Amino acid sequence: MTEPAITPDLIAAHGLKPDEYQRLLGIIGREPTFTELGIFSAMWNEHCSYKSSKKWLRTLPTTGPQVICGPGENAGVVDIGDGQAVIFKMESHNHPSYIEPHQGAATGVGGILRDVFTMGARPIAAMNALSFGLPSHPKTAHLVKGVVEGVGSYGNAFGVPTVGGEVRFHRSYNGNCLVNAFAAGLADADKIFYSVASGVGMPVVYLGAKTGRDGVGGATMASAEFDDTIEDKRPTVQVGDPFTEKRLLEACLELMASGAVISIQDMGAAGLTCSAVEMGDKGGLGIKLQLDDVPQRETNMTAYEMMLSESQERMLMVLKPAMEAEARAIFVKWDLDFAIVGETIPEDRFLILHGNEVKADLPLSKLSSSAPEYDRPWVETPPAAPLGDIPAIGLIDGLRALIGSPSYAHKAWVWEQYDSMVMGDTVRSPGLGAGVVRVHGTPKALAFTSDVTPRYVMANPFEGGKQAVAEAYRNLTAVGARPLATTDNLNFGNPEKPEIMGQFVGAIKGIGAACLALDMPIVSGNVSLYNETDGAGILPTPTIGAVGLLASLDELIAGQPASGDLAFVIGDTAGHLGQSALLAEAFGMESGDAPPVDLAAERRHGEFLRANRHLVQAATDLGDGGLALAAFEMAEGAGLGVTLTAATLPALFGEDQARYLLAVTPKQGPALQAAASAAGVPLHVAGRFGGDAVTLGSDSAPLAALSTLYRSAFAAAVA
Amino acid sequence: MKAAVITFPGSNCDRDLAVAFAAAGADVVKVWHKDTALPPGVDVVGLPGGFSFGDYLRCGAIAARSPIAAAVVDHAQRGGFVLGICNGFQVLTETGLLPGALMRNAGLKFICKMVELRVETQDSAFTEGWGRGALVRFPVAHHDGNYTLDAETLARVQGDDRVAFTYVDNPNGAAADIAGVLSENRRVLGLMPHPERVIDPHLGGSDGLGLFHSLLGKMALA
């Protein structure tokens with residue numbers, strides 16, 4: 001087969017800018033082959049190289065005594081005591097999900113699960129943070145249905161409980177939905193597998209499903225803006241097979257236990273190319289691949305297609321040669337492909353052979369280390385104009401505006417489609433706040449949350465970035481967990497626009513400051529840029545996934561309020577309504593500044609709550625929607641009414657940070673108040689749970705009617 | 001008391017079921033689907049939930065034809081106990097050990113939630129720990145739980161008092177609200193809800209333990 005000539009058009013179609021192509025020529029000193037051009041394109045696109053973001057990602061705090069392995073591997077590894085570790089990461093699959101929602105979301109889940117079990121961990125929990133366009137937009141219902149089905153179809157069949165996540169709607173996502181998938185796994189801390197290859201002449205083994213043409217060029221697609229040719233991109237979306245992934249998980253864990261694995265890497269974005277280069281590069285070795293030996297699902301595949309295929313459910317491994325028979329037997333047992341496709345070589349070479357031809361012969365270490373890196377120009381986001389007068393609305397009507405909006409309504413329509421209990425360790429299912437999963441066979445448990453308030457980040461990237469981390473900290477704290485570490489999934493628009501880059505820089509600075517102050521280092525993450533359609537960008541959406549530890553389930557705050565319990569609020573309420581949910585949902589206003597985040601207060605209040613958990617029946621963080629929404633959600637979940645004495649919009653719907661709502665028995669109230677005075681933590685009684693009405697100041701409505709609205713609004717909006 | 005839990009490729013509740021059997025005091029042995037015989041001395045076989053063979057073709061259809069399935073059928077025909085949960089129930093209908101079939105949920109969506117069940121018969125090793133009419137809470141998690149059988153078979157199953165559990169609020173369109181059904185000899189139970197997921201108050205309840213304790217208690221007396 002003749003390969004296409006290397007023309008400026010072909011180079012541009014590979015997403016390489018003219019200066020990047022010159023850089024390529026400088027590295028290899030000749031014109032690349034078609035396959036080589038594909039390999040460079042895969043390694044140097046934004047998705048794989050982080051070329052626009054690397055400079056700023058380096059500034060994030062990534063270390064701490066709890067961190068076993070920070071960013072750079074497939075997922076972060078964090079110590080949870082007793083020789084055990086939690087391994088986790090969050091990753092976007094935005095562009096594929098917009099093109100083909102079911103498969104795009106499904107393979108997003110599949111990819112993040114592989115990132116976790118590649119490291120030797122059995123996945124124990126998943127979450128997903130979803131952002132969609134307005135419900136009235138013609139594509140939204142289709143996307144919601146497809147994405148939710150896709151997430152469920154993959155996670156449910158694979159057998160990992162989905163225990164949390166977020167769903168929001170905003171017009172800025174009309175042309176770019178966001179699908180951010182999180183997974184966490186469990187492993188012994190001394191049995192983590194890394195991607196660094198070692199030893200010369202070691203067999204490189206291909207594991208899992210066969211290679212087809214699906215996803216060829218997917219990573220390059222994910223690094224471009226959308227326009228009206230989007231339908232042409234459908235063939236680049238991969239198709240997931242959770243049944244194969246489940247077998248791959250079991251086979252890989254058996255293989256790892258056998259001692260046969262030197263290093264292992266999943267084939268995700270840019271498949272064989274990225275995984276082989278990663279293992280060679282980290283080990284200071286070259287890799288030779290003989291593509292004739294790659295298990296293929298389709299006939300007449302070219303070297304170019306095999307090197308860039310993003311077929312799912314595949315792994316690449318460097319094997320201890322003496323263990324080959326044993327390793328092969330494990331894969332035969334699970335009816336999966338096992339093929340030796342190459343070897344490690346001493347020289348710095350990425351040598352790709354197909355038939356009797358050399359299809360690529362490149363200096364391996366240069367593929368990643370010499371990737372372009374940009375210090376993109378950026379401008380600081382200008383300060384938001386102060387919030388002016390706001391329209392009037394009744395207190396209960398304000399609450400109705402929130403709970404009748406799909407962004408704040410009850411999300412059972414979504415999470416009942418996810419198996420949240422498989423594996424038999426789910427302590428706290430999706431619903432209110434963090435999910436909690438027991439560490440199998442121990443008294444310990446892990447808590448998981450994902451958070452961001454994109455409106456805040458838009459108005460004030462620095463405070464918004466801080467707030468996303470602070471909210472995650474509070475959600476973990478509210479179930480009694482000690483926050484351990486963080487993964488960030490940074491979704492932004494086109495970084496070549498200085499104002500977008502300014503959002504990115506501001507958010508990173510805020511996230512970094514909060515992670516440092518709250519001792520929640522970033523251990524893994526993912527950047528998704530170019531989330532724009534026809535030049536319109538998304539709200540900046542740096543999703544924070546965070547993990548906390550409960551040393552014992554005795555530390556869990558899991559209960560519900562009982563009738564007669566007092567509603568206490570930790571923290572000061574100034575009544576900050578800028579960028580609030582109330583303004584957005586009741587009036588369509590996105591005005592004012594994001595609420596400021598006092599990180600010292602966050603820490604002080606969180607530590608106070610953890611220290612006094614025994615005095616608390618139930619707890620939740622106060623986030624967007626403020627006290628009114630949180631109190632309604634907590635009461636409604638227990639089938640109770642609630643009465644709040646506050647009687648103004650700012651007091652009820654203000655989104656001041658560092659606050660929690662607690663349900664406390666009247667008997668324990670005085671002890672909690674005494675503890676708060678001793679600790680210097682602001683605490684006040686805001687009302688009482690009970691009855692069959694929701695009363696805000698002097699405005700009241702029956703619980704039943706509000707509950708009906710709250711529980712039907714989501715389905716009504718997307719069905 | 002010895003329980004065998006079968007693992008098919010795609011099973012994902014095999015560990016959970018083994019944990020539940022063990023919690024009720026059984027010795028548990030895991031059996032691979034390619035095995036052709038059960039280990040000696042097995043009293044009860046557990047067919048776990050999950051997506052055996054990816055649910056490709058029909059749920060449970062391929063598993064019902066795997067090498068171990070013949071041994072399970074043989075075990076049942078000799079009067080051995082078999083418990084099939086969710087996908088295991090689907091496998092049991094595909095083997096013919098239980099009547100009917102599990103169709104796609106009436107709402108066409110996967111459903112995972114806690115449901116209330118009514119115990120419909122006390123006359124089985126699985127349910128005799130409860131009184132008839134007792135209410136228990138187990139979660140469901142399935143896409144294909146809509147139990148379907150022809151009118152004649154339904155009448156026979158009901159007439160023989162073989163309905164083990166019904167849904168109080170039918171989540172999936174199952175005929176006569178049936179959540180679980182017994183074989184003619186009352187020693188094979190298939191049910192869609194997951195008793196193995198509610199064996200600890202920390203996990204949202206412990207009603208499921210009642211089924212395992214009842215079964216193991218019965219076998220201890222046998």
Side-chain angles (χ1 to χ4, degrees), chain A residues 122-123 145 148-149 151-163 240-251 332-336 412-431 436-438 440-441 443 445 550 552-554 556 558 715 719, chain B residues 7-20 22-23 32-35 48-57 59 62-63 66 85-87 105 107-115 138-144 171-172 193-205 208:
Chain A
R122 179 175 288 280
K145 186 168 176 287
V148 171
E149 268 178 15
V151 167
S153 72
Y154 208 102
N156 299 348
F158 179 85
V160 63
T162 299
V163 300
D241 177 5
F243 171 54
T244 298
E245 178 112 325
K246 167 68 171 167
R247 289 180 294 145
L248 188 61
L249 161 74
E250 299 298 341
V332 169
K333 173 186 165 188
W334 289 97
D335 296 318
L336 291 165
W413 187 93
V414 176
W415 43 257
E416 283 182 1
Q417 296 187 57
Y418 304 150
D419 191 334
S420 54
M421 299 177 234
V422 63
M423 299 185 84
D425 284 308
T426 301
V427 175
R428 214 167 182 276
S429 314
V436 178
V437 171
R438 190 170 57 183
H440 192 70
L550 294 129
S552 143
L553 278 177
D554 297 340
L556 180 73
Chain B
T7 300
F8 300 101
S11 294
N12 63 28
C13 302
D14 44 338
R15 184 187 78 180
D16 310 356
L17 184 52
V19 166
W32 182 235
H33 74 113
K34 287 181 186 170
D35 291 352
F51 290 69
S52 61
F53 295 91
D55 273 359
Y56 299 144
L57 188 57
C59 302
I62 304 177
S66 66
I85 299 170
C86 199
N87 189 230
N105 294 342
L108 303 181
K109 287 188 170 56
F110 188 95
I111 304 169
C112 175
K113 63 176 181 182
M114 193 68 86
V115 298
F138 298 171
V140 291
H142 59 246
H143 209 307
D144 298 80
N172 54 31
H194 288 270
E196 83 282 15
R197 294 187 182 184
V198 271
I199 59 167
D200 185 323
H202 279 306
L203 308 180

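Order of the sequence lines sets the chain letters (A, B, ...), proteins ahead of strands, with each chain counted from 1. Since this is a predicted model, take the numbers as computed values, not measurements.
A heavy-atom distance below 4.5 Å is found between the side chains of W32(B) and K333(A). At least one side-chain heavy atom of L203(B) sits under 4.5 Å from a side-chain heavy atom of R438(A). Residues L108(B) and E149(A) have side chains not in contact (no heavy-atom distance under 4.5 Å, counting atoms from C-beta outward). In this structure the side chain of R197(B) reaches within 4.5 angstrom of the side chain of V422(A), judged on heavy atoms. The side-chain heavy atoms of P9(B) and F243(A), taken from C-beta on, include a pair separated by under 4.5 Å. Using a 4.5 Å heavy-atom cutoff, the side chains of V436(A) and H202(B) are not in contact. Looking at heavy atoms from C-beta onward, K109(B) lies out of side-chain contact with V148(A) at the 4.5 angstrom threshold. Using a 4.5 Å heavy-atom threshold, the side chains of D335(A) and F53(B) count as separate.
When W334(A), Y418(A), F158(A) are compared by the number of non-hydrogen pairs under 4.5 Å with chain B, W334(A) comes out ahead. When the candidates T244(A), T426(A), L249(A) are compared by the number of heavy-atom contacts under 4.5 Å with chain B, T426(A) comes out ahead. The most heavy-atom pairs under 4.5 Å with chain B, out of R247(A), R428(A), M421(A), come from M421(A). The residue among D200(B), D55(B), N87(B) with the most heavy atom pairs within less than 4.5 Å of chain A is D200(B).
A donor-acceptor pair is defined here as one N or O able to donate and one able to accept, closer than 3.5 Å; such a pair exists between the side chain of N12(B) and the backbone of A157(A).
Interatomic distance, NE2 of H143(B) versus CD of Q417(A), reported as 7.5 Å (0.5 Å rounding). We find the CG-SG distance between D419(A) and C86(B) to be 8.5 Å, quoted to the nearest 0.5 Å.
Minimum interatomic distance between D16(B) and M423(A) (heavy atoms only, all atoms of both residues): OD2-N, 2.9 Å.
The parts of S420(A) that come within reach of chain B are both its backbone and its side chain, each placing non-hydrogen atoms under 4.5 angstrom from that chain.
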